[in-house]
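Taking it in order: structure first as structure tokens, then the write-up.
Please read all numbers here as calculations on a predicted model, not as lab measurements. Below, each value reflects all heavy atoms present in this structure, side chains not excepted, and no hydrogens, waters or symmetry copies.
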Amino acid sequence: MAESVVSFLLGKFSSLLKDEAKLLSGVRDEVVFVKNELDRMRAFLRSADATEDHDEEIKVWVKQVREVAYDAEDIIDDFLYRFEHTKRRGFYGCLCKMARGIKNLKARRRIASQLQSIKLRVTDISEGRQRYDYKLSSTEIGSSSGTTPCYYSEVRSDARLLEEAQLVGIEAEKEGLLSFLVEDTPQLRVAAVVGMGGLGKTTLLSSVYYDSRVKNHFHQIQAWVTVSQSFKLDEVLRQIIQQFFKATNLPLPDEVEKSTDTHFLKTTIVDFLSNKRYLVVLDDIWDVNAWEAVKVAFRNNNNGSRVMITTRIADVASSSTNDLGGGILTLDPLSSADSWTLFCAKAFQGKACPSHLKEISRDIMKRCEGLPLAIVAIGSMLATKDINRVDEWEIIHRSLRAELQGNTKLKGMQAILSLSFNDLPYHLKHCFMYLSLFPEDYSIKLTVLIRLWIAEGFIEEIEGRTLEEVANGCFNELLNRSLAQVYDRYDDVRVKSCRVHDILRETMLLKSKDQAAITNKESNKRLPERVRRLSVHEGTNIDASGDNQLSQLRSLLLFTKEIYVWNKFMSSFSDQGSRLVKVLDCRFAPMTTFPEGITKLYHLRYLCLRDTAVSSIPPSIANLRHLETLDLKRTLVRELPSEILRLQCLRNVIVYDPTSHGFKALKGMESLSSLRKLMCVEAKKGETEPMVSVGRLTQLTMLGILQLGAEHGNALFSSIRELKLLRSLTLVSRTEDEALSFQFKSFSSLRLLQRLYVIGRVEKSLEGLQNLTNLSKLVLTRSRLQVDPLESLQDLPNLVSLELDKACDGESLCFKAGSFLMLRHLRISKLENLRRVRVEDKALSHLELMFLNDCKLLKEMPLGIERLRNLQLLQLVNMAAELTTTVYRGSQHDNYSKIMHIPSVFIGQWSFETGHDGYWL
């Protein structure tokens with residue numbers, strides 16, 4: 001991880017060195033020296049990062065490198081702060097001198113002295129590196145994985161030696177793989193088992209590999225090779241050859257033992273397997289290139305041969321099955337019942353859990369979240385505890401993180417979980433570690449996470465891509481590597497929020513502790529002196545009497561409503577003790593006014609005051625020249641000061657309450673040329689100039705405009721035509737009866753548009769929407785169309801979610817044959833005249849959810865609903881009694897027989913007072 005810190009700092013050094021005007025002549029030499037020395041250390045750090053977990057001396061050395069890198073970054077940022085701060089004060093004579101790189105003598109001496117100190121520390125650390133080179137000599141420089149501790153290999157070996165009675169929760173998966181191996185298909189095929197570390201992939205394949213049916217089917221011509229991160233092709237090929245020759249009692253050729261010629265070794269395998277049925281298991285493949293290198297040795301001899309692989313990387317699984325055919329098995333965590341069975345088997349040697357330990361045992365088991373490796377490791381560790389001492393078990397539950405660090409019985413589990421992290425590129429390490437700052441079981445909104453990553457500087461620019469697109473790629477890579485989990489999705493299948501497995505999170509918190517990324521959830525907690533990223537969770541009691549200066553604080557994330565916690569940090573901002581802060585997320589903070597101290601945070605890039613009672617923003621916000629995100633969602637703010645137009649770095653302005661208001665439009669908004677998200681601006685009655693300004697914000701990807709009237713139509717649609725990067729567009733009329741001249745044909749240039757929300761009356765039709773071929777979600781509310789809207793929407797190739805709320809006044813809706821082939825979610829609400837819904841053959845073939853609400857004249861089930869074989873949920877809310885009662889009566893009525901195939905059906909009422917009230921069939 002220190003390598004990623006140093007790489008991040010080196011990027012900052014490079015940027016600084018490009019700007020000659022900001023460097024004093026004497027300071028530049030020091031900066032160059034420190035940069036070059038850290039650059040030389042970086043390659044060694046890649047190996048040291050993976051070694052430090054089990055070598056205390058190297059751990060100390062890595063910590064020294066990390067701290068000097070942080071201190072150097074602080075000096076640079078403090079220098080830039082003082083430079084810009086003096087510049088803003090407007091001393092004309094000094095300004096001229098500063099332009100030539102000359103500052104006052106006192107500042108020069110201070111900065112030069114600080115960098116000289118850094119130089120001496122770097123020199124000393126470099127000498128230390130030479131002392132530890134011998135320890136790293138066995139590690140291949142440039143590899144992020146490094147050497148693998150012996151207990152990791154032992155755990156993998158143990159997974160292959162488990163008895164049948166110890167296998168829990170994988171019976172169905174085992175039978176599926178057995179059927180795959182012995183089926184009659186003659187072509188060579190691959191079974192890829194993918195999932196996060198510790199899910200039991202090796203255990204599952206081992207139970208299949210040693211099954212007597214498999215041995216008989218392949219006549220014992222089988223080979224099992226653990227590939228791992230330290231992949232060496234010749235060694236993998238040699239192990240396969242050795243196992244094949246041993247299985248057939250043939251003497252191994254001498255040249256096989258000695259040869260490093262991979263072509264010769266592959267040829268040997270191909271010749272040996274000619275006309276033979278064989279099974280090869282490649283356990284723990286980490287890279288697509290590793291698969292590409294070894295796959296050519298497995299020829300398709302049409303004898304029903306099989307290859308099985310395990311991997312944590314989804315791309316590896318896809319690549320292997322795409323090449324040779326077969327299937328992918330994504331392994332899921334154990335169910336609660338199976339988890340409890342496995343836990344008791346380990347913690348109580350198969351006996352029943354004592355009644356006085358049931359509650360605490362179940363709480364500990366829940367922390368494992370169905371991860372077999374964690375259940376086995378923690379259960380085995382608890383087996384050594386006295387079952388009569390509830391206090392010992394309670395301590396384990398409260399201090400699981402400390403146990404992971406200090407208990408030798410859990411070292412193997414920690415090593416396996418850490419491997420995925422050690423394999424990450426340096427920029428992804430920062431991104432992944434950031435997930436540990438959020439509370440346990442917290443649903444992390446993906447859009448928020450991406451904005452935080454960008455503000456922290458974790459996302460590097462790539463030509464042809466926006467920072468948001470690069471960040472999305474980083475998140476997808478974490479998913480691909482089974483490190484992040486999808487928590488929730490939007491109706492159009494996009495990822496809405498994510499989380500990280502709790503045991504993996506605890507492992508990451510151990511690493512983040514050494515890097516001053518501190519998460520507090522303890523009583524009377526004293527803040528450390530060198531805290532850099534601080535996450536304060538609900539229930540934290542910080543020692544307010546502490547003398548922490550927080551001078552190195554860069555990020556503060558508050559997940560608590562405690563007012564004294566908030567006041568402590570606000571006082572630090574006011575006295576400039578935390579002037580280097582870049583990220584400030586204070587949602588739910590107990591504030592009613594905007595704290596002036598925040599406007600002193602020159603480096604601030606991300607400011608979130610969401611869900612607070614703040615009602616106004618001061619003009620001094622113009623001081624935050626680097627601000628990228630201003631998040632005031634669900635606050636009382638209705639206006640922004642015109643001074644905000646000076647913030648040229650703004651990428652996201654989020655000021656609205658989804659149920660009521662946005663912020664009043666500002667003249668000159670086009671000056672914010674970097675804006676990507678603008679939610680939501682209110683159109684001014686009788687003024688069209690702000691709508692023209694919006695059209696000049698050509699980088700916008702997300703736009704919301706409220707309070708629209710008929711007078712805004714021409715200017716609005718002329719502007720929208722220019723926003724070719726839009727992914728999401730929300731348009732809301734001033735009143736329910738306001739008729740807007742929606743010119744959907746002008747949307748034809750929005751070829752990237754994915755989500756469209758139109759809340760307002762549409763006078764004519766939806767003609768033109770059929771051109772939005774990338775559209776995945778469409779919401780039409782209060783449209784009052786006089787024609788069937790489905791005519792213009794039925795051929796949209798990517799439409800996944802459709803909501804029609806007071807959208808049309810017709811008596812019928814018809815989903816024509818073969819239409820809406822991608823639609824998964826359909827919501828129809830408050831269509832007052834609707835009497836008939838018809839679903840023709842092969843329409844809505846992928847529909848999973850249908851929601852019918854407050855359509856009182858609809859008394860029969862949609863004709864053809866029985867054809868929707870993928871429908872999983874039907875909700876009938878506030879519908880006519882003639883419909884709901886006949887469904888309730890069951891098989892006595894045709895309405896019920898039409899929906900017998902649907903797994904979940906809800907019938908009920910909804911009101912503001914009681915919410916949903918009803919019953920499930």
Side-chain angles (χ1 to χ4, degrees), residues 148 152-153 156-157 159-161 177 180-182 186-194 201-211 214-311 313 316-317 319-321 323-326:
T148 305
Y152 165 69
S153 300
R156 297 200 70 81
S157 299
R160 295 179 59 186
L161 298 176
L177 285 175
F180 171 82
L181 293 181
V182 301
Q187 291 83 12
L188 172 65
R189 300 182 71 199
V190 177
V193 181
V194 63
K201 301 183 295 295
T202 299
T203 301
L204 171 61
L205 261 62
S206 180
S207 69
V208 173
Y209 184 82
Y210 292 110
D211 190 278
V214 172
K215 288 180 175 292
N216 293 333
H217 184 75
F218 293 100
H219 308 290
Q220 296 193 353
I221 302 179
Q222 301 172 220
W224 180 299
V225 180
T226 299
V227 179
S228 76
Q229 291 168 310
S230 54
F231 171 72
K232 293 184 179 179
L233 181 58
D234 59 328
E235 292 183 1
V236 170
L237 296 173
R238 190 177 296 107
Q239 288 185 53
I240 294 173
I241 295 171
Q242 290 170 344
Q243 293 181 53
F244 281 154
F245 273 76
K246 182 179 180 180
T248 53
N249 295 316
L250 293 175
L252 187 69
D254 292 338
E255 54 268 31
V256 170
E257 292 283 8
K258 301 174 183 178
S259 178
T260 58
D261 183 350
T262 57
H263 178 74
F264 164 74
L265 295 173
K266 290 176 184 177
T267 302
T268 302
I269 294 175
V270 171
D271 292 343
F272 177 86
L273 294 177
S274 178
N275 299 319
K276 293 185 178 70
R277 181 190 297 157
Y278 62 88
L279 169 64
V280 176
V281 174
L282 300 174
D283 186 26
D284 201 27
I285 300 184
W286 284 81
D287 188 77
V288 171
N289 292 330
W291 165 254
E292 294 291 335
V294 74
K295 71 176 182 180
V296 296
F298 310 130
R299 294 292 177 87
N300 181 17
N301 49 24
N302 288 316
N303 281 333
S305 297
R306 299 289 185 264
V307 175
M308 294 196 296
I309 73 169
T310 70
T311 181
I313 317 296
V316 173
S319 179
S320 64
T321 54
D323 288 339
L324 300 179

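Annotation: side chain of T310 is not in contact with side chain of I285 (no heavy-atom distance under 4.5 Å). Put simply, the side chain of L237 reaches to within 4.5 Å of the side chain of V294, judged on heavy atoms. D271 places a side-chain heavy atom less than 4.5 Å from the side chain of T267.
Other residues, nucleotides and ligands place more than 12 heavy atoms under 6.0 Å from the NZ atom of K276.
Pairing each heavy atom of S305 with each of F218, the nearest pair is CA-CE2, 4.3 Å. The two residues V256 and R238 make their nearest non-hydrogen contact at O-NE, 3.0 Å. Heavy atoms only, all atoms of each residue included: F244 and L279 are closest at CE2-O, 4.4 Å. Residues D284 and V227 approach most closely at O-CB, 3.7 Å, considering heavy atoms. Taking each heavy atom of N301 and N275 in turn, the nearest pair found is ND2-N, 4.1 Å. The two residues R277 and I221 make their nearest non-hydrogen contact at O-CB, 3.8 Å.
In this structure, the side-chain contact (heavy atoms from CB on, under 4.5 Å) partners of N300, at least two apart in sequence or on a different chain, are Q187, L188, N302. Not counting sequence neighbours, the partners of A293 by the side-chain contact (heavy atoms from CB on, under 4.5 Å) test are F231, L233. For F245, the ring pair (Phe, Tyr, Trp, His ring centres under 6.0 Å) partners at least two apart in sequence or on another chain are F272. Shown here are the side-chain contact (heavy atoms from CB on, under 4.5 Å) partners of A192, two or more places apart in sequence or in another chain: I309, A317, S320, T321, I328. Among residues two or more places apart in sequence or in another chain, the side-chain contact (heavy atoms from CB on, under 4.5 Å) test is passed with K295 by W291, E292, D323.
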Next item on the list: Begin from the C-alpha positions of T311 and W286 and carry the test side-chain contact (heavy atoms from CB on, under 4.5 Å) through to its verdict.
Entry: CA-CA 6 Å; T311 181; W286 284 81; over 6 Å; no
Checklist line | Residues D287, I313; criterion side-chain contact (heavy atoms from CB on, under 4.5 Å); working and verdict | finding: CA-CA 8 Å; D287 188 77; I313 317 296; over 6 Å; no
Margin query: Checking M308 against V208 for the side-chain contact (heavy atoms from CB on, under 4.5 Å) test, could you report, in this order, the C-alpha distance in whole Å, the side-chain angles of both residues, the deciding distance, and whether it holds?
Written below: CA-CA 10 Å; M308 294 196 296; V208 173; 4.2 Å; yes
Item checked: Test log, rule side-chain contact (heavy atoms from CB on, under 4.5 Å), inputs K246 and L252 -> CA-CA 8 Å; K246 182 179 180 180; L252 187 69; over 6 Å; no
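A parallel orientation is assigned to the rings of W224 and Y210, their planes being inclined by less than 30° (bins at 30° and 60°).
Counted by atom type alone, D283 and T202 present one or more donor-acceptor pairs between their side chains at under 3.5 Å.
In this structure, R306 contributes its side chain and F180 its backbone to a donor-acceptor pair below 3.5 Å. The closest donor-acceptor contact from the side chain of Y209 to the backbone of A223 lies under 3.5 Å.
Note that the CG atom of D211 and the OG atom of S206 stand 11.0 Å from one another [nearest 0.5 Å]. Within the model, atoms CZ of R189 and CG of L324 stand 11.0 Å from one another, a figure rounded to the nearest 0.5 Å. To the nearest 0.5 Å, atoms CD (Q243) and OG1 (T248) are separated by 12.0 Å. Between atom CG of residue D234 and atom CD of residue Q239 there is a gap of 10.0 Å, rounded to the nearest 0.5 Å. Remark: L273 CG to I240 CD1 distance equals 9.0 Å, nearest 0.5 Å. Taken from CG in L181 to NE2 in H217, the straight-line distance is 7.5 Å, to the nearest 0.5 Å.
Among pairs with a residue in residues 250-260, none fulfils salt bridge (charged side-chain N to carboxylate O under 4.0 Å, His left out), at least two apart in sequence or across chains.
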